[in-house]
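Bear in mind the structure is a predicted one, so any value in this text is a computation, not a measurement. Order of the sequence lines sets the chain letters (A, B, ...), proteins ahead of strands, with each chain counted from 1.
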Amino acid sequence: MIRLHDTASGQVRELEMRDPGKVSIYHCGPTPYDVPHVGHGRNTLFYDVLHRYLEWRGLDVTLVSNVTDIEDKIIRRSIAEGRSCADVVAEFEAIHWSAMDRLGVLRPDHVPKATQYVEKMVAFIDELIGRGHAYETSDGVYFEVRTLPGYGLLARQPLDSLRAGARVEIDEDKREWFDFALWKKAKPGEPTWESPWGPGRPGWHIECTVMSLDLLGDGFDLHTAGDDLTFPHHENERAQAVGAGHAFSRHWTHHAMVEVEGQKMSKSLRNFTALTDLLDHTDARAYRLLTLRAHYKSPFDVSPDTLADAESGLDRLDAFARRFADVPAIPDPATVEKFRGFMDDDLKTPQAVAVIFDAVNAAHKGDERAAATVFELTGAVGLDLKRAPQAVDAETQRQVAEMDDARQARDFARADAIRADLVSRGWVVESGPSGTVVHR
RNA sequence: GGCGGCGUGGCCGAGUGGCUUAGGCAAGGGACUGCAAAUCCCUGUACAGCGGUUCGAUUCCGCUCGCCGCCUCCA
């Protein structure tokens, strides 16, 4: 049994599967209008760890994560830079996937795009109007929130306690400030599609409703994303689905944000680090380890200090992997069970990581099954340890040989000089009774 | 104003009504090594503050202080 936090009930509860043994997951993906930042990295690592772990558990996972390829910020950028929206999307989506590849994030099974679903969205909006949940105005079609009993499930507070923020757009045509756009009628310079309400484009929330139901079917198992999307985005997705007569996601799991000096990392606060920059300076696996060391519901700080901390931990794992690369043993069932107990219980990755490090310690003390266990468990969460010896260039190999010769000859001054040179060029030099090994 | 979360040892970060009270990083001491590296051994006695419940609270309750998130685009 897998237990996960469920935002709708506010509790950790069993992940019930519509079809036993199969898990259908929809995860809100990126809007490629700019480079991804470190928080997006956490976001994809969250679904990747979930995805990999569930499959490791023997479950058949279908993961859908969309790309929003038509949206205000994309349009703004395309106009500012005098190029098409498709061009903007192509550039930043490519950067997104390349960063995810570097992070070792597995591709979702389906990556639907909003622009491929416009026709289905139009039909869905039409259905909502027909059922009395939506109305047309001079500038679009809106969902009438008051018509849907139960709105506020994910916000976990009644509709009338929500406060109209100072920056909510005033729109005289809308019946209530919290009604939200299903369809936006065309403005000059924007890409448009035909609809019964004239040319225009879909609102943001409708795509996820339509694509998730289309690819995963009614009553799919799990909907995930960062917790900043809980309200209003997910609330609205759900309202649309329910309003049109569909059973929507049965379980909602949201992860916390990455922070910088205690504040949420975000584009608008301008306190973000581009994910690509982080990956240029930090081992991607260290970032994965950093995310695993905090529970997914807890925010954590990304800073040079916390990253360096994680890299040191990773070094210990890699040192372990080099030493035990060829261990023939099979994993220890009791340790695997302990790990599974933590992971099954709401993905308690900090405890799971502790189990891994305990096994590393046991291995160094001679427990071969513990060594095999480490490889098994790091694999389950997508941490790829460096078992294979690293390629060493010819010149470095020559130096290593020369150094060992000098040590043989007890010419330690010369050996130390060579070592110093290797170290200064970034090599970690390990000399043992059987000779010297270098790695980076 | 509403809703929610958090405050743990030098740092990150789990957890628990009392039991030998995670794990990582860093630090100090020791072992091993020609020296290093890797590894091993040892050391730290923490739970914001004030009350309350209790035989006993870091863990439960209340209050205070501080911090953060959502209610607006946002992973």
### C1'-based separation of B:rG7 from B:rU58 [nearest Å]
12 Å
### Message
What's the gap between B:rC11 and B:rG49 when it is taken at their P atoms, as a whole Å value?
### Response
15 Å
### Message
Strictly by Watson-Crick or wobble contacts shorter than 3.5 Å, is anything paired with B:rG69, and which nucleotide is it?
### Response
B:rC3
### Message
When the C1' atoms of B:rA75 and B:rC12 are compared, how many Å lie between them, rounded to an integer?
### Response
22 Å
### Task
Return the value, rounded to whole Å, for the distance between atom CE of A:M403 and atom P of B:rA37.
12 Å
### Query
With nearest nucleotides of RNA chain B determined for A:R407 and A:D305 from heavy-atom distances, which residue corresponds to the more 5′ nucleotide?
A:D305
### Message
Could you tell me if A:N66 and A:T68 have a donor-acceptor pair between their side chains, going purely by distance under 3.5 Å?
### Response
yes
#### Entry: Watson-Crick/G-U partner (both atom distances under 3.5 Å) of B:rC35
none
### Query
Any side-chain heavy atom of A:R322 sitting closer than 4.5 Å to one from A:R387?
no
### Query
Considering only the P atoms, how many Å lie between B:rA57 and B:rG18, rounded to the nearest integer?
12 Å
### Task
Can you check each nucleotide of nucleotides 2-9 of chain B against protein heavy atoms at under 4.0 Å and return B for base, S for sugar-phosphate only, - for none, in 5' to 3' order?
BS------
#### Entry: Lys/Arg cation over aromatic A:Y135: A:K174, 6.0 Å, 45° cone
no
### Task
Tell me the partner of B:rA14, counting only Watson-Crick (N1-N3 plus N6-O4 or O6-N4) or G-U wobble (N1-O2 and O6-N3) with both under 3.5 Å; none if nothing fits.
none
### Query
Within 45° of the axis and under 6.0 Å from the centre of the six-membered ring of A:W183, does NZ or CZ of A:R201 qualify?
no
### Query
Whom does B:rU45 pair with, Watson-Crick or G-U wobble, provided both distances fall under 3.5 Å?
none
### Task
Could you tell me whether the phosphate oxygens of B:rC70, OP1 or OP2, come under 4.0 Å of any side-chain nitrogen or oxygen in A:K264?
yes
### Task
Specify the separation, in whole Å, of atom CG of A:D404 and atom P of B:rC35.
16 Å
### Task
Examine B:rC11: is either OP1 or OP2 under 4.0 Å from a nitrogen or oxygen in the side chain of A:S303? Give yes or no.
no
#### Entry: Distance, C1' atom - from B:rC55 to B:rC71, rounded to whole angstrom
47 Å
### Query
Less than 6.0 Å separating the ring centroids of A:F220 and A:F248?
yes
### Query
Would you find a donor on one side and an acceptor on the other, under 3.5 Å apart, between the side chain of A:N271 and the backbone of A:V260?
no
### Message
Does the structure show a Watson-Crick or G-U wobble partner for B:rC40, both distances under 3.5 Å? Name it, or say none.
### Response
B:rG30
### Message
In whole Å, measure the gap between the C1' atoms of B:rU64 and B:rA27 for me.
### Response
36 Å
#### Entry: A:F143 and A:H205 aromatic centres sub-6.0 Å
no
### Task
Could you run through nucleotides 21-27 of chain B and give me one letter per nucleotide, 5' to 3': B if any protein heavy atom sits under 4.0 Å from the base, S if only the sugar-phosphate is that close, - if neither?
-BSBBS-
### Message
Check the orientation of A:H234 and A:H254. Use parallel for under 30°, tilted for 30 to 60°, and perpendicular for over 60°.
### Response
tilted
### Query
A:Y33 ring centre to A:K73 NZ or CZ under 6.0 Å, with the angle to the axis within 45°?
yes
### Query
Does B:rU58 have a Watson-Crick or wobble mate here (both distances under 3.5 Å), and if so which one?
none
### Summary
In Watson-Crick or G-U wobble terms, with both distances under 3.5 Å, the base opposite B:rC19 is none
